[in-house]
Structure formats: structure tokens, C-alpha cells
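Accompanying notes for the structure given below.
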Amino acid sequence: MDLRQLEVFINLAESLNYSKTAENLHLSQPAVSRIIQRIEGEVGVTLFYRNHREVQLTKNGKLFYDDSKSLTNSYNKALQRTRNSFNREQSNLTIGITDTPLEQAILPEMIKAFHREYPNCKIFLEGFDHNRLN
């Protein structure tokens, strides 16, 4: 079972409607039915009571829903935290400078070129005394 299948299960558990789940997830109704059958086969229990008029979660379906929802929330939270951390790390660049003539000649063009390539990156220049950088 993968996260996409869990997403189908969770959506159906919340909507209790195969057609709405299919529409919400841009799937066909038979595809939703097949995914739910696969999940039930893998889990080994019936997760939904179904008839022509309604869909309801079984007791086991409710247990599986609670844990699946928690699992997907944890996964999405981990993704978001990782992406946010990466974006923070990638969004700032600090360059140590000693204000030498070579830096004065080369650094402005290097910074312009870098900024063209990475326009969202903030660049900071930090001055250092070249006599203390041994």
C-alpha cells in the first residue's frame, strides 16, 4: 500500500461517497473501488459497509482511518518541515570579505551573476580583517 492509496481511503472515509472521492481525486469511480478492495485485501478486514444507497465505515475502518490520518499527517508535516528547512538554508548566502583590491574588482560581477541565477537568494557580505584570518 502506498500513500496515494491511503489518500483514497481517507477521502472515502471522510466523504462516504465513491463518486465524490473519485471527483475529488480525479479518478474514476471504478478506480476508487479497486483501490479500496486492494486495501481491504492487504489489511485483511472489511473497512466499509456498502450498499447501493450508502457507504459507512466499519469499526475496523474507523480504527484504520484514525491511524492512517495520523500517519499521513505526520508524513505531510515531515515533508513540510524538510522543505522549509531546505528553503531557509538555500535562501541566504553570507560571503566573508576582507576588502582587498582583488575582491573589489571581481566580487561585484560574481554577485550579479549569482543573483541572476538565484534571484530569491539573499546575499550578505561580512567584513573580516585579513590580518586575523591566519
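Glu126 and Thr94 form no side-chain donor-acceptor contact under 3.5 Å, judged by distance and modelled atom types alone.
Checking side-chain atoms of Asn76 against main-chain N and O of Thr72 turns up a donor-acceptor pair under 3.5 Å. A distance-only check finds no donor-acceptor pair linking the side chain of Ser70 to the backbone of Asp66 [under 3.5 Å]. Although no hydrogens or angles enter the test, the distance criterion places no donor-acceptor pair under 3.5 Å between the side chain of Gln56 and the main chain of Arg50.
A distance of 5.5 Å separates CG of Leu6 from CZ of Phe64, quoted to the nearest 0.5 Å. Here the straight-line distance linking atom CG of Leu102 with atom CD of Gln104 works out to 9.5 Å at 0.5 Å rounding. Separation of atoms CD1 (Ile35) and CD (Glu7) is listed at 9.5 Å; rounding is to 0.5 Å.
Residues Leu16 and Ile36 share a hydrophobic cluster, clusters being chains of Ile/Leu/Val/Met/Phe/Trp/Tyr side chains in contact below 4.5 Å. In the hydrophobic cluster analysis, where Ile, Leu, Val, Met, Phe, Trp and Tyr join through side-chain heavy atoms closer than 4.5 angstrom, Val45 is grouped together with Tyr65.
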Below 3.5 Å, can you tabulate the donor-acceptor pairs from side chains in residues 106-119 to any protein atom, sequence neighbours excluded?
none

Under the side chain to side chain contact (heavy atoms under 4.5 Å, CB included) rule, what do Ile123 and Ile95 come out as? Steps first, then yes or no, please.
-> CA-CA 7 Å; Ile123 300 172; Ile95 301 172; 3.9 Å; yes
Applying side chain to side chain contact (heavy atoms under 4.5 Å, CB included), run through Glu103 and Thr100 and close with a yes or a no. CA-CA 5 Å; Glu103 287 175 349; Thr100 63; 3.3 Å; yes
Take Lys122 and Phe124, measure what side chain to side chain contact (heavy atoms under 4.5 Å, CB included) needs, and give me the verdict at the end. CA-CA 7 Å; Lys122 295 176 186 168; Phe124 300 94; 3.9 Å; yes
- request: Please lay out, stage by stage, how Leu27 and Arg4 fare under the test side chain to side chain contact (heavy atoms under 4.5 Å, CB included).
  value: CA-CA 11 Å; Leu27 297 169; Arg4 178 69 173 156; 3.8 Å; yes
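Counting only heavy atoms from C-beta outward, the side chains of Asn17 and Val55 never approach each other to under 4.5 Å. You'll find the side chain of Thr58 stays beyond 4.5 Å of the side chain of Lys62, heavy atoms only. Side-chain atoms of Leu71 and Tyr75, non-hydrogen and from C-beta on, never get closer than 4.5 Å to each other.
Here the two rings, on Phe9 and Phe48, have centers that are under 6.0 Å apart.
Exactly one of Leu47, Asn24, Ile39, Thr21 qualifies for a side-chain contact (heavy atoms from CB on, under 4.5 Å) with Leu12. That residue is Thr21.
Residue pairs meeting the salt bridge (Lys or Arg N to Asp or Glu O under 4.0 Å) criterion with at least one member in residues 18-36, sequence neighbours excluded, do not occur.
Residues Asn51 and Glu54 approach most closely at OD1-N, 2.8 Å, considering heavy atoms. Across all their heavy atoms, Glu42 and Met1 have their closest contact at OE1-N, 3.1 Å.
Glu14 is linked by a salt bridge (Lys or Arg N to Asp or Glu O under 4.0 Å) to Lys69, counting only residues two or more places apart in sequence or in another chain.
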